[in-house]
Each structure stands twice: as structure tokens, then as C-alpha cells.
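Here's the structure, in C-alpha cells; my notes come after.
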Amino acid sequence: MTSPHSQESRRRVTTRELVAMKERGERIAILTCYDHLFARLLDASGVDVVLVGDSLGQVILGYDSTLPVTLEAMIHHASAVRRGVTHALVVVDLPFLSYQVSDEEALRSAGRIMKETGAEAVKLEGGDEAAVSRVQALVRAGIPVMGHLGLTPQSVHSFGGYGVRGREPEEATRLRRQAAALEEAGCFAIVLELMPTGLARDVSQSLRIPTIGIGAGPDCDGQVLVLPDMLGLNEGFEPRFLRRFGALGPAVHEAVDAYVEAVRERTYPDASESYDG
Ligand code: KIV
């Protein structure tokens with residue numbers, strides 16, 4: 001049996017491979033990432049896709065939404081991530097206002113991401129006519145696109161918060177229609193964020209391309225989590241869907257407390273940690 005850490009056993013993940021995984025009934029594991037150090041760790045552990053999400057704005061840059069994130073910031077972080085990944089597919093979020101205005105602007109923004117970071121795909125939010133038109137334009141230019149429906153955080157102010165989407169029959173019907181339209185437009189996968197399990201299951205079963213859930217129940221074709229959240233680094237953030245697979249926050253506190261104490265008590269560095277002559 002091959003270990004997930006055995007690099008030789010793994011080929012580079014492609015967008016086609018993700019669709020084939022759905023056909024074979026294999027689940028797709030995705031994590032967000034924003035820097036080179038964690039990119040290497042995630043890639044070595046065997047995630048299928050590394051998503052440079054615009055959650056960057058909140059979890060790394062300290063903004064209270066994703067709206068202030070710039071294309072330059074996404075390119076800066078995505079380049080660092082890409083340099084640390086040799087097997088996973090790297091997908092980069094198009095940030096707010098880098099694609100909403102026109103197909104041309106979307107193409108320019110996505111083109112910069114592809115040229116300047118080396119990523120293999122971009123992600124954009126929404127499924128209305130304009131979003132479908134953007135997807136068609138990018139796919140025509142040879143840029144693979146991941147869609148994103150349900151809670152689309154760039155629209156937080158029109159939703160009025162970060163609540164579950166698609167509970168009302170009318171919105172559920174619209175989301176089903178939008179998922180079909182994004183597939184038709186050429187998306188290779190669609191993130192379904194914060195929606196009822198039954199709706200996410202219906203959408204997943206109706207599409208040929210994989211759905212990737214976050215707070216959308218167990219029946220999506222894959223799952224994505226925000227890395228600092230699942231590692232337990234983002235203390236105080238406790239939505240229902242979040243499982244903490246690690247407790248790095250407390251581990252960091254413990255290590256830093258021990259370091260501060262050792263420096264203050266002059267026990268670090270000792271002779272074995274110092275140089276002679
Ligand atoms: O920006 C992000 O991290 C995302 C994921 C939550 C899907 O879009």
C-alpha cells in the first residue's frame with residue numbers, strides 16, 4: 001500500500017482528474033493555503049487541490065471580509081504557494097472587483113494570475129448571467145474555472161451576513177439552475193458553501209462535474225476547509241460545520257510561552273546552543 005507521503009506514487013492532479021475522481025466515486029480533499037511553508041506540508045500530505053482563497057483577507061491579513069483583498073495580494077500569496085506545490089492542483093480566487101465589471105476585465109485578471117503565479121485554475125463566485133458569461137470567456141481562453149455557489153462571501157453585504165443559503169424553495173431552485181448553468185458554461189468543479197445537506201446532495205447528483213462542500217453536508221463530491229480554521233489556529237471561530245483536526249493555536253501558545261520564559265530566565269541559549277572560538 002502506498003503512503004500518502006510517497007511522492008513517487010503521485011501524479012500531478014489535473015482538472016480532468018477531478019472529474020474522473022467523481023466518476024470513480026472517490027472523494028476530493030481540498031484545503032486553502034496562503035504561503036510556501038504550508039503549501040509544502042499540504043502537498044506532501046496528499047491533498048488533491050490547494051486553494052489560494054480570498055479568505056486570505058480575513059484569516060491572514062486581518063480584514064473583516066474578503067472585499068478589500070486585491071489582485072496583487074492574491075498574486076503575491078499564490079506565487080509563494082505555487083512554488084511549494086509539486087502534485088496538487090493549485091486554484092486561485094479572483095478577488096472582489098477583479099472580474100465583476102466585464103468579461104474583458106475577468107480575462108485580464110485571470111490571465112495575470114495564470115501568468116504570474118503558475119497556478120492551474122481560478123475560482124469565481126456566483127451563478128447569474130454575468131458570472132456565466134465570465135466563465136465562458138475564461139474557458140474560451142483556456143483558463144479552467146471553479147465555480148462557487150451558496151454563501152458567496154464577496155456578496156456578504158447584499159446577503160446581510162454569513163448565514164446558510166438556499167433554505168427558501170425559491171433560492172434553492174435558483175441555486176440548482178445556476179449550478180447547471182455553470183457546468184454548461186465549462187466549470188470543472190463548483191464549491192457549494194453553507195447550504196442544506198439535501199440541496200447540496202441534489203446539486204451533486206445532478207452534475208457531471210464534482211461539487212466541493214464547505215458547510216454543505218457529507219454528500220458533496222469533495223470537501224474544502226480553511227486551513228487555519230481546521231488546524232485550530234483561528235481561535236474563537238466556531239461555526240457548526242467546522243471540525244478542528246488539530247490544536248495548533250494552543251501548541252503555539254505553549255511553545256512561545258516556553259521560549260519567553262527561557263529567554264527571561266537565561267536558560268536559552270545554553271552552551272550547547274552557542275559557538276566556540
Ligand atoms: O476563500 C476561500 O477560502 C474559499 C473557500 C472557503 C471555498 O472560497
Quick check: do [X] and [Y] have side-chain heavy atoms less than 4.5 Å from each other?
X	Y	result
Thr14	Glu120	no
Ile209	Leu182	no
Leu138	Leu107	yes
Leu151	Val164	no
Val13	Met21	no

[Y] backbone acceptor or donor facing [X] side chain under 3.5 Å:
X	Y	value
Ser102	Glu105	yes
Arg174	Gly166	no
Arg82	Val85	yes
Ser133	Glu129	no
Glu125	Gln154	yes
Tyr34	Ser55	no
Thr32	Leu51	no

What distance do [X] atom [atom1] and [Y] atom [atom2] have between them, rounded to the nearest 0.5 Å?
X	Y	atom1	atom2	result
Ser98	Arg108	OG	CZ	12.5 Å
Ile30	Leu225	CD1	CG	10.5 Å
Arg244	Met230	CZ	CE	11.0 Å
Asp48	Ile28	CG	CD1	6.5 Å
Leu31	Leu41	CG	CG	11.5 Å
Glu23	Arg16	CD	CZ	11.0 Å

Listed by chain and number, what are the salt bridge (Lys or Arg N to Asp or Glu O under 4.0 Å) partners of Glu26, not counting sequence neighbours?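 So Glu26 forms a salt bridge (Lys or Arg N to Asp or Glu O under 4.0 Å) with Arg24.
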Taking salt bridge (Lys or Arg N to Asp or Glu O under 4.0 Å) as the definition, give me every residue that meets it alongside Asp103, ordered by chain and number, with sequence neighbours left out.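 Partners of Asp103 by the salt bridge (Lys or Arg N to Asp or Glu O under 4.0 Å) criterion, ordered by chain and then number, come out as Arg134.
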Counting only heavy atoms not in [X], do more than 12 fall under 6.0 Å of its [atom1]?
X	atom1	result
Phe159	CZ	yes
Glu235	CD	yes
Arg167	CZ	no
Arg12	CZ	yes

Atom pairs and distances, donor-acceptor, side-chain atoms in residues 262-272, under 3.5 Å, two or more places apart:
from	atom 1	to	atom 2	distance (Å)
Thr267	OG1	Ala262	O	3.4
Asp270	OD1	Ser272	N	3.0
Asp270	OD1	Ser272	OG	2.8
Asp270	OD1	Glu273	N	3.1

Pair listing, side-chain hydrogen bond (donor to acceptor under 3.5 Å, both in side chains) test, anchored in [range], at least two apart:
range	answer
residues 64-75	Glu72-Arg112
residues 178-194	His148-Glu193
residues 211-223	Lys22-Asp221, Arg201-Asp219, Ser204-Thr211, Thr211-Asp221

Residue pairs passing the salt bridge (Lys or Arg N to Asp or Glu O under 4.0 Å) test where at least one lies in residues 154-165, sequence neighbours excluded: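 Only Arg165-Glu171 qualify under salt bridge (Lys or Arg N to Asp or Glu O under 4.0 Å).
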Can you tell me which residue pairs pass the salt bridge (Lys or Arg N to Asp or Glu O under 4.0 Å) test with a partner in residues 92-101, sequence neighbours excluded?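 Residue pairs passing salt bridge (Lys or Arg N to Asp or Glu O under 4.0 Å), neighbours aside: Asp93-Lys123.
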Within one Ile-Leu-Val-Met-Phe-Trp-Tyr cluster: Val69 and Leu97, side-chain cutoff 4.5 Å: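 Looking at the clustering, Leu97 is in the same group as Val69.
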Group every Ile, Leu, Val, Met, Phe, Trp and Tyr by side-chain heavy-atom contacts under 4.5 Å, then state whether Phe245 and Leu37 land in the same group.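 No.
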For side-chain contact (heavy atoms from CB on, under 4.5 Å), just list the numbers for Leu192 and Ile212, CA-CA rounded to whole Å, side-chain angles, deciding distance to a tenth of an Å, and then say yes or no. CA-CA 6 Å; Leu192 302 180; Ile212 310 296; over 6 Å; no
Does [X] have any side chain to side chain contact (heavy atoms under 4.5 Å, CB included) partners at least two apart in sequence or in another chain, and if so, which?
X	result
His36	Arg40, Ala80, Arg83
Met114	Val122, Ile143, Pro144
Asp229	Val59, Val226, Asn234, Phe237, Leu242
Ala179	Leu149, Ile190, Val203, Leu207

Step by step, would you call Val139 with Phe188 a side-chain contact (heavy atoms from CB on, under 4.5 Å)? CA-CA 10 Å; Val139 169; Phe188 68 87; over 6 Å; no
Do Thr15 and Val19 pass the side-chain contact (heavy atoms from CB on, under 4.5 Å) test, and can you show the C-alpha distance, the side-chain angles, and the key distance before you say yes or no? CA-CA 7 Å; Thr15 56; Val19 177; over 6 Å; no
What closest approach, in Å, do [X] and [Y] show between heavy atoms, and which atom pair accounts for it?
X	Y	answer
Pro218	Arg27	O-NH2, 3.1 Å
Gly150	Leu175	N-CD2, 3.7 Å
Pro250	Gly232	CD-O, 4.1 Å
Ser109	Leu94	CB-CD2, 3.7 Å
Cys187	Gly147	SG-N, 3.7 Å
Ala78	Val92	CB-CG2, 3.7 Å

Test side-chain contact (heavy atoms from CB on, under 4.5 Å) applied to Phe96 and Asp54, step by step: CA-CA 9 Å; Phe96 179 63; Asp54 61 354; 5.7 Å; no
